[in-house]
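Down below is the structure, laid out as structure tokens.
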Amino acid sequence: MTSPDPSPSVTATDRPTSVAVLGLGAMGSRMAARAAAAGHRVAVWNRTPDAARRLADQAPVVVADEARAAVVGADVVVAMVADDEASQSLWLDADTGVLDALEPHAVAVESSTLSPSWIGSLAERCAARERPFVEAPVVGSRPQAEAGALVVLAGAEPGALDRVRPVLSTWASAVRHLGAPGAGAEAKLAVNGLFATQVAAYAEMLGFLGRSGMPTEDAAGFLAALPITSPALERILGLVTADDLNPNFPVRLVAKDLAYLVAAADERGAELPTATAARDVFAAGAAGAEADLDIAGISRRYLPPPTA
């Protein structure tokens, strides 16, 4: 993992807040580094300690050996983990869960990409313990996190969101309040669904053109130059051409997000035939050799084999 490199343009705060960041993958590590660079007091924890130690070598953060230790004294507790199961364990595990360890004044912030149903349940658990709750999933990847240019899709009571906005703004250029808890999860799954279905479609067309005789580099360049191609998809095509498939957004997590999206749509009686097809594409990738590749790596399922 590339070490976080907070931009020197981070705005320091006049009123530092004590922040705990739990989960230091590609996004969580950069979010923690941004908050620390802005002058907040930041404690961090990660399931595998090496990630926390690497971050501490690059940013002024305090490493906690246990998640519960990280949240002691924290005003804002931010989780950034892989899925519903990891979030449930982090917040509610009888032996290690942090919800019961939060300070009375602390705000619980869940920034992971999760199912709306679990977000609703977590919000209820926080309310029962009289702890404010904010869901704050983010749109963007490593470059946006490093530049403080993520977009937060917030679901919260306005007062709770106002309390954590100064922290969220250290890694986000925009904080969009979409409604009560659950609204952010729904919006984030919709965003990821839109992106993934487009990536899958472009991967298929690269395969079609390749098997029709057009070299992958030429096909990617042709598609990238079209007015229908967004900057995000142009970047994906560049990654395919360069065979640079180090994971910013791994195929296995794309598959997880699409499964959550389709399940949420079924609960609401919404029809998502295109997203359902994309779910199946990425599920196959997640079960195969593409699982830990970047989302662009789904193209390997369709491209013709390289010629000798």
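Here, residue 1 is the first one in the sequence, and each next residue gets the next number.
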Show me the donor-acceptor pairs, under 3.5 Å and distance only, between side chains in residues 96-103 and residues at least two apart or in other chains.
from   : atom 1 : to     : atom 2 : distance (Å)
Thr96  : OG1    : Asp93  : OD1    : 3.1
Asp100 : OD1    : Arg129 : NE     : 2.6
Glu103 : OE2    : Gly73  : N      : 2.7

Near [X] [atom1], under 6.0 Å, is it more than 12 heavy atoms from other residues, nucleotides or ligands?
X      : atom1 : result
Phe222 : CZ    : no
Glu217 : CD    : no
Glu157 : CD    : no
Arg47  : CZ    : no

Requested in this report: Mind listing the closest non-hydrogen atom pair of Leu22 and Val81 along with its distance?
Outcome: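 Minimum heavy-atom separation between Leu22 and Val81: O-CG1, 4.1 Å.
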Query raised in the report: Without hydrogens or angle criteria, can the side chains of Glu110 and Ser87 be said to hold a donor-acceptor pair below 3.5 Å?
Result: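 Ser87 and Glu110 do have a side-chain donor-acceptor pair below 3.5 Å.
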Query raised in the report: Does Ala263 have any side chain to side chain contact (heavy atoms under 4.5 Å, CB included) partners at least two apart in sequence or in another chain, and if so, which?
Result: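 By the side chain to side chain contact (heavy atoms under 4.5 Å, CB included) rule, Ala263 matches no residue at all.
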Query raised in the report: After noting the C-alpha distance and the side-chain angles of Leu150 and Met27, does the key distance pass the side chain to side chain contact (heavy atoms under 4.5 Å, CB included) rule?
Result: CA-CA 10 Å; Leu150 296 169; Met27 303 302 290; 3.5 Å; yes
**Report entry** Carboxylate-amine/guanidinium contact Asp57 Arg54, below 4.0 Å
**Finding:**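 No, this pair does not count.
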Expected list for residues 182-196: side-chain donor-acceptor pairs under 3.5 angstrom, two or more places apart:
from   : atom 1 : to     : atom 2 : distance (Å)
Glu186 : OE2    : Arg268 : NE     : 3.3
Glu186 : OE2    : Arg268 : NH2    : 2.7
Lys188 : NZ     : Thr113 : OG1    : 2.6
Lys188 : NZ     : Val138 : O      : 2.9
Asn192 : ND2    : Asp257 : OD2    : 2.8

Query - From NE2 (His105) to CZ (Arg163), nearest 0.5 Å - result: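 Rounded to the nearest 0.5 Å, the NE2-CZ separation comes out at 7.5 Å.
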Query raised in the report: To the nearest 0.5 Å, how far apart are OG in Ser121 and CG in Asp84?
Result: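 Interatomic distance, Ser121 OG to Asp84 CG, rounded to 0.5 Å: 9.5 Å.
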Requested in this report: Give a yes or no answer on whether the side chain of Ser89 reaches the backbone of Glu85 with a donor-acceptor pair at less than 3.5 Å.
Outcome: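 Such a contact is absent between Ser89 side chain and Glu85 backbone.
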Query - Asn46 side chain to Leu24 backbone, donor-acceptor under 3.5 Å - result: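 Pair found, side chain donor or acceptor close to backbone of Leu24.
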Query raised in the report: Is there side-chain contact between Ile228 and Leu233, with at least one heavy-atom pair below 4.5 Å?
Result: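 Result no, sub-4.5 Å side-chain heavy-atom pair not found.
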Query raised in the report: Do Arg176 and Val139 come within less than 4.5 Å of each other through their side chains, counting heavy atoms only?
Result: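 When only atoms from C-beta onward are counted, Val139 and Arg176 do not touch, as no gap falls below 4.5 Å.
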Requested in this report: Please assess Arg235 against Asp244 for the test salt bridge (Lys or Arg N to Asp or Glu O under 4.0 Å), listing each intermediate value before the final yes or no.
Outcome: CA-CA 11 Å; Arg235 176 177 171 276; Asp244 179 5; over 6 Å; no
Query raised in the report: Would Val77 and Trp91 count as a side chain to side chain contact (heavy atoms under 4.5 Å, CB included) if you check the C-alpha gap in whole Å, the side-chain angles of each, and the deciding distance to 0.1 Å?
Result: CA-CA 10 Å; Val77 176; Trp91 291 107; 4.0 Å; yes
Query raised in the report: Can you list the steps and then say if Thr17 with Asp75 is a side-chain hydrogen bond (donor to acceptor under 3.5 Å, both in side chains)?
Result: CA-CA 6 Å; Thr17 299; Asp75 305 307; 4.9 Å; no
Report task. Start with the C-alpha gap between Leu303 and Leu206, add the side-chain angles, then the distance that decides, and say whether side chain to side chain contact (heavy atoms under 4.5 Å, CB included) holds. Result -> CA-CA 7 Å; Leu303 293 174; Leu206 283 174; 3.8 Å; yes
Query raised in the report: After noting the C-alpha distance and the side-chain angles of Leu168 and Leu161, does the key distance pass the side chain to side chain contact (heavy atoms under 4.5 Å, CB included) rule?
Result: CA-CA 9 Å; Leu168 301 180; Leu161 180 58; 3.9 Å; yes
